[in-house]
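See structure below.
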2 protein chains.
Amino acid sequence: MSPIRVVNPDGTFIIGPETTERLLTPGEVARLFGVDPKTVNRWALTGRIPSVRTPSGQRRYRETDIAPLLTT
Amino acid sequence: MSPIRVVNPDGTFIIGPETTERLLTPGEVARLFGVDPKTVNRWALTGRIPSVRTPSGQRRYRETDIAPLLTT
DNA sequence: TGAGATTTGGGTAATTCGGGGC
DNA sequence: CTTGTCCGAATTACCCAAATCT
């Protein structure tokens, strides 16, 4: 399998060959916090948590955005 | 109308006389969005994202088509 | 020629979406 | 103000086997 390499127009990497960021589903994040998945989506809507949208509109959450919130 | 492209076995394809660009496999795109590889192919079938076909029928995806969709 | 990983397609169960109201 | 729930519609995940790629 080839490495992931998504580049910007200026040639810089969005995701480099050595980086594979893990994305979490709303349900996975909900279980981490002990809340309903819809609550997680509301956090995204209100700007509390950044999210990535699939082409169809579903949300995925970066592990690096979620992990710091669990420690506090 | 997208241009006709001839895909090499290593996933690269010819842009110009001296330029070549690598394409992303379904598995790579799937990891970028945190979904199943089959879901990525479904996006191509429903026209949500453009795709390139190898002579054997497998799908490949252009980085420049995928990268803009990863916005937060 | 062979082994292991990946891709593809079909079918079905589970998840997610948004709106609305409590 | 935040959260959990109900609803229908849309989207996705997991099962399998066969084909393709490394």
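Just so we're on the same page: letters track the sequence lines, and every chain starts at 1. The figures here come from the full heavy-atom set of this structure, side chains too, leaving out hydrogens, waters and symmetry mates.
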Using a 4.5 Å cut-off on heavy atoms from C-beta on, say whether the side chain of Arg62(A) contacts that of Pro50(A).
-> no

May I ask you to say what Arg59(A) touches in the nucleic acid, namely base, sugar-phosphate or nothing, with a heavy-atom cut-off under 4.0 Å?
-> sugar-phosphate

If you pin Arg60(A) and Gly34(A) to their nearest nucleotides in DNA chain D, which one's is more 5'?
-> Gly34(A)

Any side-chain N or O of Thr25(A) under 4.0 Å from OP1/OP2 of dT15(C)?
-> no

When the distance from CD of Glu28(A) to C1' of dT15(C) is rounded to whole Å, what number comes out?
-> 11 Å

Length of the line joining Lys38(A):NZ and dA10(D):P, which is rounded to integer Å = 17 Å

Residue whose closest nucleotide on DNA chain C lies nearer the 5' end, Arg31(A) versus Arg53(A) | Arg31(A)

Phe33(B) to Pro55(A) - nearest heavy-atom pair and separation | CE2-CD, 4.0 Å

Does the side chain of Thr71(B) pick up a donor-acceptor pair with the side chain of Arg53(A) at under 3.5 Å?
-> no

With respect to the phosphate group of dT2(D), does any side-chain polar atom (N or O) of Trp43(A) fall under 4.0 Å of OP1 or OP2?
-> no

Under 4.5 Å between any side-chain heavy atoms of Tyr61(A) and Ile49(A), yes or no?
-> yes

Length of the line joining Leu24(A):CG and dT16(C):C1', which is rounded to integer Å = 15 Å

To the nearest angstrom, the CG-C1' distance between Leu45(A) and dT16(C) comes to 13 Å

Asn41(B) CG to dA13(D) C1', straight-line distance once rounded to whole Å | 14 Å

Please state whether the phosphate of dG9(C), meaning OP1 or OP2, lies under 4.0 angstrom from any side-chain nitrogen or oxygen of Arg42(B).
-> no

dT5(D), dT16(C), dA13(D): which one has an atom nearest the side-chain heavy atoms of Gln58(A)?
-> dT16(C)

Between Ser56(A) and dT12(D), is there a side-chain N or O to OP1/OP2 distance below 4.0 Å?
-> yes

Return the nearest nucleotide to the side chain of Thr39(B); candidates are dT11(D), dA13(D), dT2(D).
-> dA13(D)

For Asp36(B), which contact category applies under a 4.0 Å heavy-atom criterion: base, sugar-phosphate, or nothing?
-> sugar-phosphate

Arg60(A) and Gly34(B): which non-hydrogen atoms are nearest, and at how many Å?
-> NH1-O, 3.1 Å

Between dT11(D), dT8(C), dA13(D), spot the one nearest the side chain of Pro26(B), thanks.
-> dT8(C)

